[in-house]
Amino acid sequence: MKSISSKTVNAVKEKLKDTGNILILSHYHPDGDAIGSLLSMTRFFSKMGYVVSAALPDASPVFFDWMQGVNEILVFERKPEIIEKVFLEADLIFVLDFNDPSRLKDMEPFFERSGAMKVLIDHHPGPKKFSDVIISDVSVSSTCELLYEFMKSVGGGDIIDKEIATALFVGILTDTGCFSFNSSDPGTYIRVAELIGYGINKDEIFNHVYDNYSENRMRLLGHVLREKMEVIPEYNTAFISITMDELKRYNFVPGDTEGFVNYPLSINGICFSALFIEKFGHVRISFRSKGDFPVNLFSKKHFNGGGHLNAAGGESFTNMKETLRLFRSLLHEYSEELK
Ligand code: 5GP
Ligand code: MN
């Protein structure tokens with residue numbers, strides 16, 4: 001991890017002196033790092049005496065419902081009018097765990113219009129310039145790991161408590177796939193050791209996040225692995241597609257398909273995996289890879305998305321059949337890189 005520049009920290013500290021209201025935002029289709037970032041920063045600044053609101057474009061997955069403060073997160077899709085108000089009141093806005101303002105979806109225009117000071121804290125490559133201050137470190141496991149250092153550097157070592165440490169740990173745990181990737185820096189383990197020192201219950205957190213699924217989600221997973229996974233050994237690729245009908249059949253709730261995209265990668269030899277989910281008017285896509293195939297560039301070029309080298313998302317605005325046809329045809333084009 002790079003150290004956060006003192007110039008940046010001082011700019012934020014200076015602004016905090018004349019700040020009353022803070023707004024904390026994260027990305028569409030929030031993951032553990034997004035939720036952990038929102039909840040830890042909300043509690044951190046609330047304890048410092050600020051009026052803090054946290055908002056997301058869409059709802060957080062049900063398996064984060066156990067986290068303290070999750071019910072207070074404002075969800076734009078549900079209550080746009082309240083969010084309009086908090087944008088107007090904010091003196092300082094933190095944008096966490098994304099690199100492109102389009103990931104704010106319908107909140108983007110409110111964000112653009114706001115005159116508040118904007119601070120981005122993130123670990124995705126190539127952040128666009130949409131904030132006054134950027135704290136970006138691609139080498140770090142997760143935004144939560146970076147936030148831990150940020151909190152300490154704004155003078156909050158004493159403010160961090162078990163709840164904040166728990167939320168930060170959730171982000172690190174989920175963004176490293178339980179320390180299976182993005183986690184080769186010894187510093188990550190030192191920070192995790194410090195977080196455990198705040199009294200967090202690591203085993204209980206693991207159970208909450210990973211052993212907390214509904215029967216429907218398990219059955220949907222069984223169905224798609226058996227019936228909807230295509231394996232293309234010549235391109236070391238496998239992918240899964242899921243229609244709206246299938247989601248309905250298994251009483252889908254947000255978060256149910258989380259992690260599905262990783263399953264094909266556990267097949268021997270597979271280094272590129274994709275998950276296609278039919279939505280109203282578009283197909284939402286997740287990409288994962290092992291090794292050096294850059295799924296972020298692939299997604300940016302062909303599927304209106306981006307992300308990290310080995311984990312990215314995107315969208316297709318044609319139907320599922322056309323989307324899969326395009327995907328299959330692209331594999332041929334990338335056959336050398338996929339060897
Ligand atoms: P997921 O497949 O879990 O939705 O996303 C994987 C990674 O790619 C996450 O780090 C996420 O923030 C990023 N990502 C997902 N969708 C997009 C997108 O449309 N644009 C960009 N720039 N990043 C994305
Ligand atoms: Mn992240």
Side-chain angles (χ1 to χ4, degrees), residues 1 25-41 56-61 63-64 94-106 108 120-130 135-148 150 167-177 179 181-183 188 209 239-242 254-265 272-277 279 282-289 293-317 323:
M1 183 194 271
L25 306 172
S26 194
H27 59 80
Y28 175 70
H29 193 62
D31 55 10
D33 198 23
I35 303 294
S37 295
L38 277 195
L39 296 181
S40 60
M41 287 283 273
L56 284 169
D58 61 340
S60 92
F63 47 83
F64 297 121
F94 287 97
V95 272
L96 306 176
D97 194 40
F98 61 98
N99 59 358
D100 186 327
S102 67
R103 306 218 68 221
L104 288 169
K105 292 279 162 181
D106 296 339
E108 191 184 350
L120 170 72
I121 307 181
D122 181 44
H123 69 129
H124 292 85
K128 285 197 177 161
K129 208 181 163 332
F130 59 100
I135 301 173
S136 164
D137 188 345
V138 184
S139 73
V140 80
S141 68
S142 52
T143 299
C144 279
E145 188 181 344
L146 191 51
L147 288 176
Y148 179 53
F150 170 77
L168 293 174
F169 181 73
V170 166
I172 301 174
L173 182 73
T174 53
D175 256 29
T176 59
F179 304 100
F181 46 81
N182 292 343
S183 47
T188 302
V209 177
F239 66 89
I240 293 169
S241 62
I242 313 179
D256 276 357
T257 54
E258 207 58 50
F260 282 18
V261 65
N262 296 312
Y263 283 89
L265 282 185
F272 181 30
S273 143
L275 173 71
F276 299 87
I277 302 176
K279 306 265 177 186
H282 70 280
V283 177
R284 169 83 204 155
I285 314 167
S286 286
F287 297 107
R288 298 291 185 272
S289 68
F293 184 66
V295 289
N296 50 357
L297 302 186
F298 180 85
S299 181
K300 189 171 176 197
K301 185 154 181 212
H302 305 289
F303 293 102
N304 313 295
H308 306 276
L309 177 80
N310 296 125
E315 277 166 340
S316 158
F317 298 98
T323 304

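As a basis for the values below, the full set of heavy atoms in this structure was taken, side chains included, without hydrogen atoms, waters or symmetry mates. Each ligand, and each atom within it, is numbered from 1 in the order the structure gives.
At a 3.5 angstrom cut-off on N or O pairs, Ser286 counts as close to ligand 1. Considering backbone and side-chain atoms together, His308 places an N or O closer than 3.5 Å to an N or O of ligand 1. The shortest N/O to N/O separation between Arg288 and ligand 1 falls below 3.5 Å.
Salt bridge status for Lys105 with Glu315: present, with a side-chain N to carboxylate O gap under 4.0 Å.
Shortest distance from the Mn ion (ligand 2) to Asp33 is reached at OD2 (N/O/S atoms only).
For the pair Asp31 and Thr174, the minimum side-chain heavy-atom distance is 4.5 Å or more. In this structure the side chain of Asp97 reaches within 4.5 angstrom of the side chain of His124, judged on heavy atoms. Using a 4.5 Å heavy-atom cutoff, the side chains of Asn296 and Pro125 are in contact.
In terms of protein heavy-atom proximity, atom 7 (C) of ligand 1 is nearest to Ala311 O, 3.5 Å. Protein heavy atom in closest approach to atom 8 (O) of ligand 1: Ala312 CA, 3.3 Å.
Here Asp175 contributes OD2 and Asp97 contributes OD1, and at the Mn ion (ligand 2) these two atoms make an angle of 170°, given to 10°.
Aromatic pair Phe287/Phe293: ring centres not closer than 6.0 Å.
Near Gly306, with a cut-off below 4.0 Å to any heavy atom, the atoms of ligand 1 are 8 (O), 13 (C), 14 (N), 17 (C), 18 (C), 20 (N), 21 (C), 22 (N), 23 (N), 24 (C). Every atom of ligand 1 with a heavy atom of Gly305 under 4.0 Å away is listed here by number and element: 18 (C), 19 (O), 20 (N). Remark: ligand 1 atoms within the under-4.0 Å shell around heavy atoms of Asn99 are 22 (N).
Ring orientation note: the planes of Phe303 and Phe298 are tilted relative to one another, at an angle of 30° to 60°.
For the residue pair Ser316 and Thr323, a side-chain donor N or O sits within less than 3.5 Å of a side-chain acceptor on the partner. His123 and Asp175 share a donor-acceptor pair across their side chains, judged by distance under 3.5 Å alone.
Interatomic distance, CE of Met41 versus CG of Leu96, reported as 5.0 Å (0.5 Å rounding). Put simply, OG on Ser142 and CG on Leu168 are 8.5 Å apart, with the number rounded to the nearest 0.5 Å.
For residue His123, an N/O/S atom approaches the Mn ion (ligand 2) to within less than 2.8 Å. Metal site remark for the Mn ion (ligand 2): Asp122 contributes no N, O or S atom at a distance under 2.8 Å. The Mn ion (ligand 2) lies at 2.8 Å or more from every N, O or S atom belonging to Asp31.
When the options His29, Lys128, Arg284, Glu315 are ranked by their closest heavy atom to atom 15 (C) of ligand 1, first place goes to Arg284. Here the shortest heavy-atom distance to atom 17 (C) of ligand 1, taken over His124, Arg103, Lys300, belongs to Arg103.
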